Amino acid sequence: MLYSKYRSPCCGRAQELVISRDGGFVTQNCIGCGRPRYVGIGELPVIECDICGLAMQAGTRNRNYHYECPCCDNGFPLWTRLSRWSERFAECGIAVPSELG
Ligand SMILES: [Zn+2]
Ligand SMILES: [Zn+2]
């Protein structure tokens with residue numbers, strides 16, 4: 001599980017990074033109320049390289065966030081380390097009219 005660097009403005013809670021859409025689009029969802037927000041690159045957490053332990057550098061590749069180690073060849077798209085949104089949150093906090101019956 002990975003979290004944004006910043007707490008949510010709605011609840012003051014941590015915000016978990018999740019896969020929001022197919023194709024690897026990532027959002028940060030408030031763990032208090034589930035509200036999703038867009039994640040800026042400056043909000044991404046520091047991840048240590050599994051191989052050499054250095055802080056990896058976050059960037060983008062094919063319009064998805066991508067981590068690369070500055071020291072070795074280790075690298076991966078961020079979304080491969082995340083859960084799907086629907087596995088983590090029961091609702092998004094924004095009612096969709098068609099779901100209200
Ligand atoms: Zn919230
Ligand atoms: Zn490394």
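Each ligand, and each atom within it, is numbered from 1 in the order the structure gives. Only a predicted model underlies this, so the values are computations on that prediction, with no experimental measurement involved.
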### Message
Any side-chain to backbone donor/acceptor pair from N29 onto G34? Under 3.5 Å, distance only.
### Response
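The answer is yes, because a donor-acceptor pair under 3.5 Å joins these two groups.
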### Task
Indicate yes or no for a side-chain donor-acceptor contact from Q28 to the backbone of Y38 under 3.5 Å, with no hydrogens or angles considered.
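A pair under 3.5 Å: yes.
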### Query
Is it true that atom CZ of R84 has more than 12 heavy atoms of other residues, nucleotides or ligands lying nearer than 6.0 Å?
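More than 12 within 6.0 Å, yes.
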### Query
About how large, to 10 degrees, is the angle SG of C33, then the Zn ion (ligand 1), then SG of C10?
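About 110°, to the nearest ten degrees.
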### Query
In a check of side-chain hydrogen bond (donor to acceptor under 3.5 Å, both in side chains) between Q15 and each of R37, R35, R7, K5, which one passes?
R37
### Query
Can you tell me if C72 has an N, O or S atom under 2.8 Å away from the Zn ion (ligand 2)?
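Checking the Zn ion (ligand 2) against C72, an N, O or S atom does fall under 2.8 Å.
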### Query
Which angle, to 10 degrees, forms at the Zn ion (ligand 2) with SG of C69 on one side and SG of C49 on the other?
110°
